[in-house]
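Notes follow once the structure below has been shown.
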Amino acid sequence: MVETVTRKRIEILVDKPLAGVPIRAAADVGIAGYSLVPVQSGSGRHGNWRNDRISGAENKVLFLTIASEDKADALVDALAPKLDSHSLLLTVSDVQVVRGERF
Amino acid sequence: MVETVTRKRIEILVDKPLAGVPIRAAADVGIAGYSLVPVQSGSGRHGNWRNDRISGAENKVLFLTIASEDKADALVDALAPKLDSHSLLLTVSDVQVVRGERF
Amino acid sequence: MVETVTRKRIEILVDKPLAGVPIRAAADVGIAGYSLVPVQSGSGRHGNWRNDRISGAENKVLFLTIASEDKADALVDALAPKLDSHSLLLTVSDVQVVRGERF
Amino acid sequence: MDIVISTLTSPVILFFILGMLAAFARSDLAIPEAIAKGLSLYLMAAIGLKGGVAVSESGFTPELALAAAAGLALSFVIPYFAYVLLTGFGKLDRVNAGAVSAHYGSVSVVTFVTASEIFTGQSMGPAGYMVAVLALMETPAIISGLMLARCGEKRDDNGNGGGLMHEVLLNASVVLLMGSFFIGLIAGPTGFEPIAPLFLVPFTGVLCFFLLDMGLVAARRLVEAKAMTFRLTTLGILFPIVNGTIGTVLGTMIGLDVGSAAALGVLAASASYIAVPAAMRMALPEADPGLYLSMSLGVTFPFNIIFGIPLFAALAQAIG
Amino acid sequence: MDIVISTLTSPVILFFILGMLAAFARSDLAIPEAIAKGLSLYLMAAIGLKGGVAVSESGFTPELALAAAAGLALSFVIPYFAYVLLTGFGKLDRVNAGAVSAHYGSVSVVTFVTASEIFTGQSMGPAGYMVAVLALMETPAIISGLMLARCGEKRDDNGNGGGLMHEVLLNASVVLLMGSFFIGLIAGPTGFEPIAPLFLVPFTGVLCFFLLDMGLVAARRLVEAKAMTFRLTTLGILFPIVNGTIGTVLGTMIGLDVGSAAALGVLAASASYIAVPAAMRMALPEADPGLYLSMSLGVTFPFNIIFGIPLFAALAQAIG
Amino acid sequence: MDIVISTLTSPVILFFILGMLAAFARSDLAIPEAIAKGLSLYLMAAIGLKGGVAVSESGFTPELALAAAAGLALSFVIPYFAYVLLTGFGKLDRVNAGAVSAHYGSVSVVTFVTASEIFTGQSMGPAGYMVAVLALMETPAIISGLMLARCGEKRDDNGNGGGLMHEVLLNASVVLLMGSFFIGLIAGPTGFEPIAPLFLVPFTGVLCFFLLDMGLVAARRLVEAKAMTFRLTTLGILFPIVNGTIGTVLGTMIGLDVGSAAALGVLAASASYIAVPAAMRMALPEADPGLYLSMSLGVTFPFNIIFGIPLFAALAQAIG
Ligand SMILES: Nc1ncnc2c1ncn2[C@@H]1O[C@H](COP(=O)(O)O)[C@@H](O)[C@H]1O
Ligand SMILES: Nc1ncnc2c1ncn2[C@@H]1O[C@H](COP(=O)(O)O)[C@@H](O)[C@H]1O
Ligand SMILES: Nc1ncnc2c1ncn2[C@@H]1O[C@H](COP(=O)(O)O)[C@@H](O)[C@H]1O
Ligand code: NA
Ligand code: NA
Ligand code: NA
């Protein structure tokens, strides 16, 4: 059986025009790999939104990265003060990966 | 270091025309926030499907919400009887969030 | 309260032209159900990519499946030798599901 | 005979056949979803406008009222007839039979558009008001189908009863068809002139492109169909023949011109694969979507495009 | 009066109204996002080319320079005027008022395109160089709005200051408008001829289709608006009236022809809902996007399309 | 010289240059993916139809058979020549060299379409059957490239050998090109007439729009290229010059008209960036896609559009 190790999966829901914020923050703490997953619509305290609006200002995207615990902690610390002002939705969970040295 | 608390991440794969079912069920148990993520194709016991069909009747979408354990349990209970008849695929997992009082 | 059991959630980021690799591997170990989630862009050691390129050769997709621990282990074992050559990004995590016998 | 040959060698039909062949050969040819949706909105806006402009010239005639009444009646009644065969010969349970039957009472916009193109090429173009008839026929069948599926049963209330009626009456295709029909009516021929270069001139070409996609989708549906049986396939061919004949005869009896009578036949013969499947998925989640989509999209749609359209044209000419 | 009636019965406006009605009735009619974006790129390329070809024939005139200067000035200054009313009467805080004010200094491409169509139908089509003025007016307001929002405050440096200026100056619509303007200028009437069948002939029809979508989007925005107050709605109507009047008068004073003066009025009256919202979301993440999108897209855009355009045309004719 | 200037000032090329400049300046201008795919399907259907209609008029001639044979031979042989330079001068390993070489044996549809447009503007439009030659040249190179990449090595069986052949022979562009070629052949000029307003009239304009996107994509590719070296860039320019010269001379030798000989040159010079990359990703996952896409899309494609097309036209005229 292949050996696996535990890493962190960080998921951040962010407005498309602000996607640079988590990307830069991740780069600053040494996380170079990430993927952006499209989101189609949603609802929250500020009402509903959906992607087919003319202006892309409210479109959202899911920033997804796998990182070591240290880097994940550093990223959460870096973004914590911006969660409210930039209305980011950030979650962290444990995942098993095969090639742990990559992250 | 920023403090994080554990919340539930609920993921429900649902047919687009039936997306209202988890949305209403979530609202009923007090979960107002959710996001819908597009899904492109898939395969299961009923065969293959993919999104580029003329009729949207079989298109699927991923309903995603972060909620407290209580609300998550209530949502699972509310949807359990419909899992088969509405062919929902529901999973629940633990995630860490920063502003726990939001969920 | 509805009873839930633990299953594995396997997420594999894969190039679209290579999506058949995890699909076939999953079928070989007895996993018939999966979903493909679109991914829009990303960055890694090989630089940036985004989906709106003319050639679809670099587009990526997220292969997502829920499976029992046994089948999940078998799938990870089957794919482990291809992670590097096919540049797959594979993660495994625990999720709770309601109808455990389905997976 | 002439119309059969000229139908089968027109680019419109040839593109449809190309799509089917490509899908049967499992080619990866595919039209992006957004493009297919955009083209179908274009086709609906264009025929709505054209119909409205035509009625603005001809005025509201008694034929219009008669055709509308006939269309409504067909849409309401056809599901009952279909239901009997689906539960009997087809061996479906009540819920699935009700869901399928609604599709056959309702209509397919693209089948109508293709028929109009081909009839116009044969100098028997249907009257402008047939677009309104098309829009009217979309929804009554949904009500019949639901009543059949749920008859005698306590409603499994999803809390979306009102939502469903709303969805059904204001679904995208009805709104766009009727909306552009009224815009055509208000704008008239002079108002239409500046937009004709988009909505009239390239119409046939767009239809080719769209039918290429329909061919791909229909054939893939057929190839991947898991739920289809020989009996259901038979019904998927029998329904359009019977319904189309009834529609054409009825149209001729109420005094419609040859083209409009044949078009009423085509509408009766056609089965919905957009509005009704979505409504059924919402209202009858227990019904198997693979079943009704395979029948309407995989069997009946290609049958109508290739055989049904020339058939009802010939019938209307023979009895008209 | 004539222009009001002919505006309201032209298919272009009727499709916009159809879209609004469909959204108010909560129909699920929707144009796929990719199609809407594609159409808006088409509209920008087409008017850019047309403007460039026109200027290649007329040459660079003093009116061009004057109109450009007037446009730049309006775009810079309007936010200051709007800011005062937004913080005072509108009761917004500094950041939100700054963000909203930038939208009103900038411009809406589709409002300009619709006005051009309607003015041309009234034989008062604006001069070709007005496309360049349109492009020039997009960005100065962003600078004014940001200065207002941040005045006296230590910059919350996101580390994207340079990124923002870059984004603003090279945003898609400015690049495409100016790019195709220069292509039109280089190609001239003979170079334009082979591509006119795409960029000229079906233009009005495409605009119909696009306005259908804009109607849907604007009305949905209005229906779902949570942040809107009566006072802000009032400002959303007052701003275009005042700014449009100023623009039209200024245009007439500097000697523009009637159509161009009215077009300058329309530009001043219009509010951005593409370039500016994205820039504000980046630069002022604390500001509420629901607020500025509801005002510019939900209130001001429909007001301009239905009332503003004929209003400024009539004004320009009266004083011109 | 004339053809160089008229090429560089035609809107088709100017839009391509605009796209490249916008991407170099890192503007966010972008054509939605679905639109770009839709346009490329349109271009393929249109040239297929046009070629088929032309052959339906001219009949099958010996030139057709000769051109087809020449095209097949070029597609098979070019990868061997390219492989030698790629492993030698280019310093690539066997797998990457094999993958890249397949791209140069195969063809680029858009390069061919652009050349046809420009040649037609110079009254030297290629013969209709060249579309069939284009379709035939897409796939043989894939086989050569794979043989080179895997020579002497035990196949790393992904279990998709059959899948690959299938994918390669029935890939979307081959099916659509050949399919619409046959539809044009069957329909002939009269059958084509009703769809010409879509497939013929706006063609040049659509090509402009598409080349705008290609410019954006090619330049972004170049900007972000990590794997490119000076040596590989040199080869990306040398290959089209050498292959295009061979193709033009071969075409002239087998007796093709000037336009068709130049078109054969363009086909030989062009490198695939759709069918072959997808096939290589499947068949040779170890090869670096950044490498072959940067060379074919980032270097060779722009070179051909701006310099190659007028070059081979001039050569064909000189020796024809
Ligand atoms: N740590 C990571 N987390 C999430 N996605 C990643 C990560 N690393 C790489 N990726 C994705 O995988 C793609 C290829 O990675 P690479 O092979 O490292 O260039 C990237 O473009 C990203 O989309
Ligand atoms: N609990 C949640 N779970 C998942 N997504 C959420 C949740 N709350 C908010 N969202 C998403 O975040 C967006 C903005 O949230 P809000 O700022 O609360 O309006 C919503 O429109 C949803 O797409
Ligand atoms: N084990 C699974 N993991 C992920 N997605 C699944 C799984 N099983 C089914 N699905 C998805 O759910 C859809 C319907 O499943 P089924 O009802 O089994 O045909 C499939 O087409 C997949 O998209
Ligand atoms: Na019917
Ligand atoms: Na303005
Ligand atoms: Na080549």
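Residue numbering restarts at 1 for every chain, and letters A, B, ... go by the order of the sequence lines.
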Please indicate whether E:K50 has more than 12 foreign heavy atoms, meaning atoms of other residues, nucleotides or ligands, lying under 6.0 Å from its NZ. yes

Honestly, the part of D:F182 sitting under 4.5 Å from a heavy atom of chain E is neither

Report yes if the side chains of D:L170 and E:D28 come closer than 4.5 Å at any heavy-atom pair, otherwise no. no

D:I186 portion near chain E, given a 4.5 angstrom heavy-atom threshold: side chain

Heavy-atom cut-off 4.5 Å, strictly under: side chain, backbone, both or neither for E:L18 against chain D? side chain

Tell me, do D:L198 and E:T204 make a side-chain contact under 4.5 Å, heavy atoms counted? no

For the candidates E:L21, E:L29, E:L207, E:V206, which exhibits the highest count of non-hydrogen atom pairs separated by less than 4.5 Å from chain D? E:L29

Minimum heavy-atom distance D:A34-E:P32, with the two atoms named: O-CG, 3.7 Å

Does the side chain of D:S180 reach to within under 4.5 Å of the side chain of E:L212, using non-hydrogen atoms? no

Smallest heavy-atom separation, D:A187 atom then E:P11 atom, equals CB-CG, 3.9 Å

Count the heavy atoms of every other residue, nucleotide or ligand shown that sit under 6.0 Å from CD of E:E193, and state whether that count exceeds 12. no

Contact origin within D:I35 toward chain E - heavy atom pairs under 4.5 Å: both

Between E:A25, E:G38, E:A22, which residue shows the highest count of heavy-atom pairs closer than 4.5 Å to chain D? E:A25

Note: D:L49 and E:F15 closest approach over all heavy atoms is CD1-CZ, 3.9 Å

Evaluate the ring planes of D:F199 and E:F209, with Trp represented by its six-membered ring, and classify them as parallel (under 30°), tilted (30 to 60°) or perpendicular (over 60°). tilted

